[in-house]
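Because the structure is predicted, anything quoted here is derived from the model rather than measured.
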Amino acid sequence: MRIATGLSVLVLGAGGIGHAVVSGLETGIDRVDPFKDMKNRPQGGHGMNFLLVGTDGRDKITAAEKKKYKLGGAPCHCTDTLMLVHVSADKQRASVVSLPRDSYAELPAHTDATTGKEHSPHPVKLNAAYAEGGPHLTVRTVEQMTGVKIDHYLEVDFTSFMKTVDTLGGVEICTAKPLKDTYTGLDLTAGTHKLDGGEALQYVRSRHLDGAADLGRMQRQQKFMAALIKQTTSSGVLMNPMKFQQVASSMLESVRADKGFGTDEMLELGKAMRGFTPASSEFASVPLEEKGFPVKGIGSTVKWDAEKSKQMFQALREDRPLAPHLPKQPKATLVDVAPEQIRVQVYNGTPKDGLGQDVDEALRATGFNTTRAPLNGGPHDLRRTLVTYDPRWDRSAKSLATALPGCELRAVQGQGGTMKVTAGSDFTKVQRVKAENPQTGEFGTVTGDQVVCP
């Protein structure tokens, strides 16, 4: 869940700031050696692969912050989030693949990092690899499951995440519906919000908002990472030495990285990624075979779809994008229900010839499933556009009303699933809208520009 901080290491890089500045920052990174004595590793491909690990470390968080953001309890010393980030060889694209923490995994033979006990291969949930063998076993397990060679390892905790967001001045998040989770304390109204570090932590940790649980949380984490990229690349941080040093220093205080990720690597990435935008990033989750895969002694796990996940990781090894390139879309307001799912019958409520046809075409252009056969009906001198709907489809009605600013919403019992729009003389245009959860490409992939605020 704090992985966004790790990704910001890649995005911030050095951005042309200078070797001396970056060298000074590098000395503050806590070093680990996750690749020590590793044998029989996958063959390296094109581009560069990072394993980004978010732990539940909270040692440096104050008592007041723990209470405010509901961070109490003892840490489990395991990974809350794992993401595999592939930076393309031409440094023009970053592919981010979420690895569900409850993924069914088989640990290779190893020595328990805590007890020193020798273990033979055995099944676990993926996040347990860190508890049993730290970064070394985590990397070995991920490489064994994906067939992707890990080039660098980055690990962040609660503290580095919160400080990074605060130093950037907050990150903007949009939601089409209220988000409330009593477990984390998250409480957001529908709309646009500028989240500070603590609020952002609540947002990416929340998993009790709907039935999607961890899978829904991964989608919000990906949305947050895209927003973080947008904030970082649009705020001038990469081109301002003082601001860069301030942000990077805050971020690196609690980051752990492999010994090979040093000044030269940061400079190379930073210079190449100066022109990075949300559209340069793509986000996906490992395709799953079953959401619930019970394992005796472990509990409910999720199992990867063997064929689809193999294709995904092969694409990463071959440095191919996971999502097709899409033309830039005009800005659109987020709505709770996708317009493609909303059936609409348009009526002309004025004497103006052709108004019903104009409204039908405009609604269809932004995605609504119109009948393509507008009718004349009701009053012929309607001033304010009217939307009538069955109360059972109130979410769809609100999404439609967003596309018709200033319209009147009126519930009609028993109307059924088709929305009725009667165009009034106040009609001027249809506001473009899009679903909060965009349509995804192969492997469920979305690009960053699809999920950031309009």
**Atom CD of E318: over 12 foreign heavy atoms under 6.0 Å** = yes
**Message:** Other residues, nucleotides and ligands only: do more than 12 of their heavy atoms fall within 6.0 Å of CZ on R383?
**Reply:** no
Is the distance between the ring centroids of [X] and [Y] less than 6.0 Å?
X    : Y    : value
Y153 : F261 : no
W304 : F313 : yes
F224 : F283 : no

Please answer whether the main-chain N or O of [Y] pairs with a side-chain N or O of [X] as donor and acceptor at a distance below 3.5 Å.
X    : Y    : value
N348 : P374 : no
K223 : C453 : no
D305 : L288 : no
S309 : V286 : no
R256 : L154 : no
T366 : A362 : no
E199 : D196 : yes

**Request:** Carefully, step by step, assess L334 and K434 under the rule side chain to side chain contact (heavy atoms under 4.5 Å, CB included).
**Result:** CA-CA 5 Å; L334 294 180; K434 66 177 183 179; 3.6 Å; yes
**Prompt:** Do you know which two heavy atoms are closest between E143 and V148, and how far apart they sit?
**Reply:** CG-O, 3.3 Å
**Fill in**
Minimal heavy-atom distance between R317 and T146, with the atoms involved, is NH1-O, 3.2 Å
**Item:** side-chain hydrogen bond (donor to acceptor under 3.5 Å, both in side chains) assessment of E155 paired with Y130
**Value:** CA-CA 11 Å; E155 179 185 310; Y130 188 91; 2.8 Å; yes
Side-chain H-bond candidate by donor/acceptor type, [X] with [Y], under 3.5 Å:
X    : Y    : value
T184 : S206 : yes
D319 : H86  : yes
D336 : S399 : no
Q415 : T388 : yes
E408 : T385 : no

**Asked** Can Q345 and T418 be said to form a side-chain hydrogen bond (donor to acceptor under 3.5 Å, both in side chains), step by step?
**Response** CA-CA 7 Å; Q345 173 63 60; T418 299; over 6 Å; no
**Asked** Applying the side-chain contact (heavy atoms from CB on, under 4.5 Å) test to R220, which of L209, V451, V204 qualifies?
**Response** L209
**Request:** Answer yes or no: is there a side-chain heavy-atom contact under 4.5 Å between L188 and K180?
**Result:** no
**Message:** Using side-chain heavy atoms (C-beta onward) and a distance below 4.5 Å, is I150 in contact with L84?
**Reply:** yes
**Asked** Between D394 and Y389, is a side chain to side chain contact (heavy atoms under 4.5 Å, CB included) present by the stated rule, with each step listed?
**Response** CA-CA 7 Å; D394 60 329; Y389 67 97; 4.0 Å; yes
**Derivation and outcome, side-chain hydrogen bond (donor to acceptor under 3.5 Å, both in side chains), residues Q450 and T447** = CA-CA 6 Å; Q450 290 180 278; T447 54; 3.1 Å; yes
**Request:** Could you check V346 against L375 for side chain to side chain contact (heavy atoms under 4.5 Å, CB included), going step by step and ending with a plain yes or no?
**Result:** CA-CA 6 Å; V346 175; L375 303 171; over 6 Å; no
**Request:** Evaluate the side-chain hydrogen bond (donor to acceptor under 3.5 Å, both in side chains) criterion for residues Q222 and S98: first the C-alpha distance (whole Å), next the side-chain angles of each, then the deciding distance (0.1 Å), finally the verdict.
**Result:** CA-CA 8 Å; Q222 293 171 351; S98 297; 2.9 Å; yes
**Request:** In sequence, state the C-alpha distance, the side-chain angles, and the governing distance for E282 and V96, and then conclude on side chain to side chain contact (heavy atoms under 4.5 Å, CB included).
**Result:** CA-CA 6 Å; E282 55 181 12; V96 183; over 6 Å; no
